[in-house]
Amino acid sequence: MTWLLFMVPLCIAELREVSEPDIERLAARAVDLISSHGDDAQYGGHHQRSARTAIAQGLAVLARADGGVTALGIHACVRPHLDCPGHSPAHPTLSTRNDHNA
């Protein structure tokens, strides 16, 4: 899932100036795509690219929440927060085995 380290920050940057109603529409579309074609994202298939993009967009939307989001081995956030596992806001990081044992 290292492709998320590139895609999530890109999606965060693209969403920076998007209105809340547009964010809600994008999130709903991402949910539909992921629920319909999530298997393509993992195993390949006709909808692999769009399903992976939807996952990255969904994480970018969730990164806007207080405390950001940690999922699929990355943490993404757009604002500094207490106990942030990332080195800087809006830069997802891969968690390591030691992170899970801490």
Please determine whether residues [X] and [Y] belong to a single hydrophobic cluster, defined as Ile, Leu, Val, Met, Phe, Trp and Tyr linked transitively by side-chain heavy-atom distances below 4.5 Å.
| X | Y | answer |
| --- | --- | --- |
| Leu10 | Val61 | no |
| Leu62 | Leu26 | no |
| Val78 | Phe6 | yes |

Shortest non-hydrogen separation from His75 to Pro85 and the atoms involved:
CG-CG, 3.4 Å
Do Val8 and Ile12 make a side-chain contact, defined as non-hydrogen atoms from C-beta onward lying under 4.5 Å apart?
yes
The criterion is side-chain contact (heavy atoms from CB on, under 4.5 Å); which residues satisfy it with Ala65, sequence neighbours excluded?
none
Please report the interatomic distance [atom1]([X]) to [atom2]([Y]), rounded to the nearest 0.5 Å.
| X | Y | atom1 | atom2 | answer |
| --- | --- | --- | --- | --- |
| Ile23 | Leu15 | CD1 | CG | 4.0 Å |
| Leu72 | Trp3 | CG | CH2 | 7.5 Å |
| Ser50 | Gln57 | OG | CD | 10.0 Å |

Name the atoms and distances for all side-chain donor-acceptor pairs under 3.5 Å in residues 28-45, with sequence neighbours left out.
unit_1: Ser35; atom_1: OG; unit_2: Val31; atom_2: O; d: 3.0
unit_1: Ser35; atom_1: OG; unit_2: Asp32; atom_2: O; d: 3.1
unit_1: Ser36; atom_1: OG; unit_2: Asp32; atom_2: O; d: 2.9
unit_1: Asp40; atom_1: OD2; unit_2: His47; atom_2: N; d: 3.1

Among residues two or more places apart or on two chains, list those pairs meeting salt bridge (Lys or Arg N to Asp or Glu O under 4.0 Å) that have a residue in residues 54-69.
Glu20-Arg64, Asp66-Arg79
